*Asks:* 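First, the structure itself, so that you have it in front of you.
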Number of protein chains: 2
Amino acid sequence: MRKLTSTNYYNQTFLEEKCTLNELINLLSKRWLTEVMFSIEEGNNRFSTLKEDLKHISDNILADRLKLLEQHKLIIRNDNFREVPSRVEYTLSDTGAKLSELLDGLCHFSETEMEFPE
Amino acid sequence: MRKLTSTNYYNQTFLEEKCTLNELINLLSKRWLTEVMFSIEEGNNRFSTLKEDLKHISDNILADRLKLLEQHKLIIRNDNFREVPSRVEYTLSDTGAKLSELLDGLCHFSETEMEFPE
DNA sequence: TGAGTAGCTCCTATATAAATGAGCCGAAAC
DNA sequence: GTTTCGGCTCATTTATATAGGAGCTACTCA
């Protein structure tokens, strides 16, 4: 639970209201989040295969990131009741695909133009 | 000082090595960092004017963000010894300007395509 | 009937980031 | 000669993010 009266919280919302870019960056900066997105894009569409693909992620974090991505409509969660055993399947949404493209641009930039000290 | 033996640290470096995008996002997610960049871009080129422009930022955070931006060569620090009183001046580097453009794209995306719950 | 798997949830411990507040150095204005 | 300002640094407190590990439900397979 977040403390709503801290300066920390106040400053974060101040920045998010100033520009939604801050809100997006705050989302993207959650560890593993972009990797989960990319992994889904590559076809790992189940909890267990994602977990396997992302080697070091822990269950609760993966569950949280999937929830976040779904809430922001970047991925779509499909619960296939019909199939037996029923299985949950995740796919990238159109918005998610667009974001992924933008991030590819950023990735290219960071590889070619950025210098990270030491 | 960072603890080099924690899983937390291990996972972060794992992700940064997997893709430098993670390194870039980690940088961008430092609070106030992009705003400092944008404010410099708009012509606020001194410590004190930045502090004024960004209302709620505290001294040590501003100092730290300026240092980070300089280390990553996104801004250039100019110490004008000649002028009296000597004054420090910050300007955006070419790389910084490129990054700023990319972020404008992301900003537009987050304003038009993203949905942030509640 | 008992074990195993998928897809989670919850509680706690640990690590890291942000904020607060005091203080410091050199120059200059009073 | 003491106060003021710019541009910081440092130590400490407070808040938040990540990780670890137990456990739960519905279902299947032996």
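All chains are named by letter (A, B, ...) in the order of the sequence lines, taking the proteins before the strands, and each is independently numbered beginning at 1. Since the model is a prediction, treat every value here as computed from it, not as a measurement.
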*Asks:* Quick one: B:Leu27 CG to C:dA17 P, roughly how many Å, whole number?
*Replies:*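 Those two atoms, CG and P, are 12 Å apart.
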*Asks:* Side chain to side chain donor-acceptor pair (under 3.5 Å) with A:Glu113: which residues, sequence neighbours excluded?
*Replies:*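 Scan of A:Glu113 (side chain to side chain donor-acceptor pair (under 3.5 Å), adjacent residues dropped) gives B:Lys98.
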*Asks:* Report yes if a side-chain nitrogen or oxygen of A:Trp32 is closer than 4.0 Å to either non-bridging phosphate oxygen (OP1 or OP2) of D:dT18; otherwise report no.
*Replies:*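 For D:dT18, OP1/OP2 do not have a side-chain N/O of A:Trp32 under 4.0 Å.
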*Asks:* Using whole Å, what does the distance between atom P of nucleotide C:dT20 and atom CD1 of B:Ile57 come to?
*Replies:*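 My rounded result for the distance is 12 Å.
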*Asks:* Can you list everything that forms a side chain to side chain donor-acceptor pair (under 3.5 Å) with B:Glu35? Sequence neighbours excluded, please.
*Replies:*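 Checked B:Glu35 against side chain to side chain donor-acceptor pair (under 3.5 Å); matches are A:Asn22.
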*Asks:* Which residues pass the salt bridge (Lys or Arg N to Asp or Glu O under 4.0 Å) test with A:Glu89, not counting sequence neighbours?
*Replies:*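 In terms of salt bridge (Lys or Arg N to Asp or Glu O under 4.0 Å), with neighbours along the sequence ignored, A:Glu89 is linked to A:Arg87.
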*Asks:* Is there a side-chain contact between B:Arg31 and the phosphate of C:dA17, meaning an N or O under 4.0 Å from OP1 or OP2?
*Replies:*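 The answer is no; no side-chain N or O of B:Arg31 sits under 4.0 Å from OP1 or OP2.
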*Asks:* Does A:Ser100 use its side chain to pair, donor to acceptor, with the backbone of A:Gly96 at less than 3.5 Å?
*Replies:*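 Flag not set: sc A:Ser100 to bb A:Gly96 has no pair under 3.5 Å.
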*Asks:* Measure CD/A:Glu52 against C1'/C:dA6 and give the value in whole Å, please.
*Replies:*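 After rounding, the gap between these two atoms is 13 Å.
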*Asks:* Could you encode protein contacts along nucleotides 8-13 of chain C as a string, one character per nucleotide from 5' to 3', using B for base contact, S for sugar-phosphate-only contact and - for no contact, with a heavy-atom cut-off of under 4.0 Å?
*Replies:* BBB---
*Asks:* Tell me: CG of A:Asn26 to P of D:dA15, nearest whole Å?
*Replies:*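 Going from A:Asn26 (CG) to D:dA15 (P), I get 18 Å.
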*Asks:* Any residue in residues 3-23 of chain A with a heavy atom nearer than 4.0 angstrom to DNA chain C? Just list them by number, or reply none.
*Replies:*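 Going residue by residue through residues 3-23 of chain A, the ones with a heavy atom under 4.0 Å of DNA chain C turn out to be A:Thr7, A:Asn8, A:Asn11.
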*Asks:* Counting the atoms with a prime plus P, OP1 and OP2 as sugar-phosphate, which does B:Ser58 contact under 4.0 Å by heavy atoms, base, sugar-phosphate, or nothing?
*Replies:*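 B:Ser58: base contact, heavy atoms under 4.0 Å.
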*Asks:* Using a 3.5 Å cut-off and no angle test, enumerate the donor-acceptor pairs between side-chain atoms of residues 61-70 of chain A and protein atoms at least two apart in sequence or in another chain.
*Replies:*
{"from": "A:Arg65", "atom 1": "NE", "to": "A:Arg31", "atom 2": "O", "distance (Å)": "2.8"}
{"from": "A:Arg65", "atom 1": "NH2", "to": "A:Arg31", "atom 2": "O", "distance (Å)": "3.4"}

*Asks:* My understanding is that only residues two or more places apart in sequence, or in another chain, count here; which of them pass side chain to side chain donor-acceptor pair (under 3.5 Å) with B:Asp104?
*Replies:*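 Expected list: none.
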*Asks:* Taking only residues two or more places apart in sequence or in another chain, which ones pass side chain to side chain donor-acceptor pair (under 3.5 Å) with B:Thr20?
*Replies:*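 Applying side chain to side chain donor-acceptor pair (under 3.5 Å) to B:Thr20 gives A:Ser110.
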*Asks:* What pairs with A:Lys30 under salt bridge (Lys or Arg N to Asp or Glu O under 4.0 Å), at least two apart in sequence or on another chain?
*Replies:*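 Per chain and number, A:Lys30 pairs via salt bridge (Lys or Arg N to Asp or Glu O under 4.0 Å) with no residue.
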*Asks:* Determine yes or no for a side-chain-to-main-chain donor-acceptor pair under 3.5 angstrom, with A:Ser29 supplying the side chain and B:Ile25 the backbone.
*Replies:*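 No, because the side chain of A:Ser29 does not come within donor-acceptor range (under 3.5 Å) of the backbone of B:Ile25.
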*Asks:* To the side chain of B:Arg87, which of C:dA18, D:dG7, D:dT18 is closest?
*Replies:*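 Looking only at side-chain atoms, B:Arg87 lies closest to D:dG7.
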*Asks:* Is the phosphate of D:dG7, meaning OP1 or OP2, less than 4.0 Å from a side-chain N or O of B:Arg46?
*Replies:*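 For B:Arg46, the contact criterion (side-chain N or O under 4.0 Å from OP1 or OP2 of D:dG7) is met.
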